[in-house]
Amino acid sequence: ESWREGDTDWATAALHYESRDVMRKRDTGEVVSGDPGRVTETTEIWTFVRAPGEDWKLSAIQET
């Protein structure tokens, strides 16, 4: 979705992805927390904003 408010542009994108959430010891690779065999699905809504003549900036991230 995209829209304009005054002279400011807004855009929102829904990102859906799978990930494995683990923490490992850097020196040994041993799992400290999480389950490397478990895949989780996540959907996030990212909103970007751009003022005239400027680059896009991330304004908000919402997990659904």
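Side-chain atoms are counted along with the backbone in the values below, which use heavy atoms only and exclude waters and symmetry mates. Since this is a predicted model, take the numbers as computed values, not measurements.
- When atom types are taken as modelled, the side chain of Ser19 and the backbone of Asp21 share no donor-acceptor pair closer than 3.5 angstrom.
- The two residues Val22 and Gly34 make their nearest non-hydrogen contact at CG1-C, 4.0 Å.
- Taking CH2 of Trp10 as the reference point, atom CZ of Arg4 lies at 13.0 Å (rounded to 0.5 Å).
- In this structure, CH2 in Trp46 is found 6.0 Å from CG in Leu15, a value given to the nearest 0.5 Å.
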Run the side chain to side chain donor-acceptor pair (under 3.5 Å) check on Trp3 and Glu1 step by step: do they pass? CA-CA 7 Å; Trp3 69 97; Glu1 175 181 19; over 6 Å; no
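- Listed here is the closest heavy atom pair of Arg24 and Gly29: NH1-O, 2.9 Å.
- Note that OG1 of Thr28 and CZ of Arg26 are 12.0 Å apart. Values are rounded to the nearest 0.5 Å.
- With hydrogens and angles ignored, the 3.5 Å screen pairs no side-chain donor or acceptor of Arg20 with any backbone N or O of Val39.
- Within the structure, the salt bridge (Lys or Arg N to Asp or Glu O under 4.0 Å) test picks out no pair touching residues 39-49 (sequence neighbours left out).
- Nearest approach of Pro36 to Val31, heavy atoms of both residues: CG-CG2, 4.0 Å.
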Determine all donor-acceptor pairs shorter than 3.5 Å in which one atom belongs to a side chain in residues 50-64; sequence neighbours excluded.
| unit_1 | atom_1 | unit_2 | atom_2 | d |
| --- | --- | --- | --- | --- |
| Arg50 | NE | Asp9 | OD2 | 3.4 |
| Arg50 | NH2 | Asp9 | OD2 | 3.1 |
| Thr64 | OG1 | Thr43 | O | 3.1 |

